[in-house]
There are 2 protein chains.
Amino acid sequence: MAVILIADDEVRIRRLVADFLKRDGHTMLEASNGEEAIRLIEEHGEIELAILDVMMPEQDGFSVLRHIREQELTAKLPVMMLTARAEELDQLHGLQSGADDYVTKPFSPLVLCARVKNLLLRAGKSEDSNAHKFGELDIDEIRHEVRLNGEDIGLTPKEYELMIYFKNNRGIALSREKILNAVWGYDYFGDLRTVDTHIKKLRAKLGEYGSKIETVRGYGYRFEV
Amino acid sequence: MAVILIADDEVRIRRLVADFLKRDGHTMLEASNGEEAIRLIEEHGEIELAILDVMMPEQDGFSVLRHIREQELTAKLPVMMLTARAEELDQLHGLQSGADDYVTKPFSPLVLCARVKNLLLRAGKSEDSNAHKFGELDIDEIRHEVRLNGEDIGLTPKEYELMIYFKNNRGIALSREKILNAVWGYDYFGDLRTVDTHIKKLRAKLGEYGSKIETVRGYGYRFEV
DNA sequence: TTAATATGTTCACCAAATATTCAAAATACT
DNA sequence: AGTATTTTGAATATTTGGTGAACATATTAA
């Protein structure tokens, strides 16, 4: 739905962000340092959002951001900053950097996706509805609740995020590892079986729709509309 | 409900103001400098309110204001000035600049919205009711008070603004961050827990209606009609 | 059928989020 | 300036949720 640049020197992070945003239908461009980021932004006229890591070789995120804001053509480009530490966050605030949003590492990919959605909405680039209805199952992201036959089923935070993840990936088999990385964050190293426990609870709360979360034996789970 | 121009060289501020006023149903036009502001005002005959930053490239806010007042067609246009410093405020007063209202940066978006509403009311352009009644809970923006069973419950300024924010966003889950940005101002970076404290007090004063402010665990709060 | 492996289920302990209280700091009022 | 009020976030209490071990059950392979 949009062309997005991710600039970070860590391949792992780039891949992670790119993968998730690709799945939301975005076209991803990657840069491994600040210089490359600037080059891509200037060459491609169609970039609609830039995600910049603060710490990068050649030119750091602040420097790239400043450059973006100085150029007439890119001055209005929505920019999201990735910061590793609280101090950098302070710096962001203190300098009135002009970033539109910031996310501290480590982040949950889902949270990042949600914020990207938000930024694009603000920029008037996106139009998808935040409410999904599958039969009598309502996933309402505005109210931040899931209803069955009109009744809030009272999901806990993790259950809710799990639900959103499934909703965004319906019909796709998801390994426990993927789920853990998406919902718990990429640097979470807990037991894979924890996923099962949450699936169990989510299934129970979904009632008749519990069976919509299918077990993919030997792999993971899949949410079927 | 009205066509409003926001002129400021900082994208962030323009976005912020535009977002909030759009949500109140206004149509927003944006200009990033004084020259552009004048051009838009002359081209669009239907602008009903102009919000001008004092510090802008090309032509500063005072200059734009003077231009507006000099032209027969726009002389009566309500104008709100945004000033960054107290000195500029002095200048505004001292020069009898002819602005209808002024807001100092940093401002709370809600305060700005309220003042815009006021200006439009004065100009006879707006007609929406400023009083909301939910059962025995009266939110009266004219009298600037909230009544329970007809009795003013004596909200403090922050509590009142919080209440208004909730009223304007009922049924929507609001993160602490959003609340802080909206009620405390866009550049306030205090403790998120502060929100809890104010919620606590507001809930107490709302009595039986306190429970209408629901906790959305792991996210924030939501006001239910 | 049996063994091996994977998933389902339960539960007690631990972690995290929120509620509440409070006193210092900021602000407004006189 | 002095007083009263409001705001704030630290400290503490309470509530709620997350976690993974343990055991049960189901599936698959041999």
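All chains are named by letter (A, B, ...) in the order of the sequence lines, taking the proteins before the strands, and each is independently numbered beginning at 1.
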**OP:** Assess whether one donor atom and one acceptor atom, taken from the side chain of A:Arg193 and the base of C:dG8, lie less than 3.5 Å apart.
**Re:** yes

Original post:
Hey, does the side chain of A:Ser108 reach the backbone of A:Leu110 with a donor-acceptor pair shorter than 3.5 angstrom?
Top reply: yes

Subject >> Phosphate-side-chain proximity, A:Arg203 and C:dT9, N/O vs OP1/OP2 below 4.0 Å >> reply: no

Original post:
For the pair made of CD in B:Glu161 and C1' in D:dT6, what is the distance, rounded to whole Å?
Top reply: 13 Å

Subject >> B:Trp184, nearest nucleotide to its side chain (from D:dT8, D:dG17, D:dG18) >> reply: D:dT8

**OP:** Could you state the atom-to-atom distance from CD1 of B:Ile153 to P of D:dT6 in whole Å?
**Re:** 13 Å

**OP:** Work out which heavy atom in B:Arg14 is nearest to a heavy atom in B:Asp8; give both atom names and the distance.
**Re:** NH1-O, 2.7 Å

**OP:** Report yes if a side-chain nitrogen or oxygen of B:Thr194 is closer than 4.0 Å to either non-bridging phosphate oxygen (OP1 or OP2) of D:dG9; otherwise report no.
**Re:** yes

**OP:** Scan B:Tyr221 against the nucleic acid and name what it touches under 4.0 Å (heavy atoms): base, sugar-phosphate only, or nothing.
**Re:** sugar-phosphate

Subject >> Whole-Å distance separating the CD atom of A:Glu177 from the P atom of C:dT7 >> reply: 14 Å

Subject >> Contact under 4.0 Å: B:Tyr160 side-chain N or O vs D:dT7 OP1/OP2 >> reply: no

Original post:
Rounded to the nearest Å, what distance is computed from the CG atom of residue B:Asp191 to the P atom of nucleotide D:dA11?
Top reply: 11 Å

Subject >> Polar side-chain atom of B:Lys167 near backbone of B:Ile139 as donor-acceptor pair, under 3.5 Å >> reply: no

**OP:** For D:dG18, take OP1 and OP2 only and decide whether either is under 4.0 Å from a side-chain N or O of A:Thr156.
**Re:** yes

**OP:** Look at the side chain of A:Arg217 and decide which nucleotide, out of C:dT5, C:dT9, D:dT8, has an atom nearest to it.
**Re:** C:dT5

Original post:
Between D:dT25 atom C1' and A:Lys200 atom NZ, what is the distance in whole Å?
Top reply: 14 Å

**OP:** When you get a sec, tell me which of D:dT7, C:dA19, C:dG8 is the closest nucleotide to the side chain of B:Pro157?
**Re:** D:dT7

Subject >> Nucleotide of D:dG18, D:dG9, C:dT20 approaching B:Asp196 most closely (side-chain heavy atoms) >> reply: C:dT20

**OP:** Run the ring-centre check on A:Tyr186 versus A:Phe107 and record whether the distance is less than 6.0 Å.
**Re:** yes

Original post:
Quick one: does B:Arg203's side chain have a donor or acceptor within less than 3.5 Å of a partner on B:Ile213's backbone?
Top reply: yes

Original post:
What's the closest nucleotide to the B:Lys201 side chain, out of C:dA19, D:dT7, D:dG9?
Top reply: D:dT7

Original post:
Between B:Leu192 (CG) and C:dA16 (C1'), how many Å, whole number?
Top reply: 15 Å

Original post:
Of A:Val17, A:Asp24, A:Ile51, which is the lone residue that meets side-chain contact (heavy atoms from CB on, under 4.5 Å) with A:Val116?
Top reply: A:Ile51

**OP:** Please figure out whether B:Tyr188 or B:Leu155 has its closest DNA chain D nucleotide nearer the 5' end.
**Re:** B:Leu155

**OP:** Indicate, with a heavy-atom threshold strictly under 4.0 Å, whether A:Thr215 touches base, sugar-phosphate, or nothing.
**Re:** sugar-phosphate

Original post:
To the nearest angstrom, how far is A:Lys205 atom NZ from D:dT16 atom P?
Top reply: 12 Å

Subject >> Spacing between A:His198 atom NE2 and C:dT9 atom C1', to the nearest angstrom >> reply: 14 Å

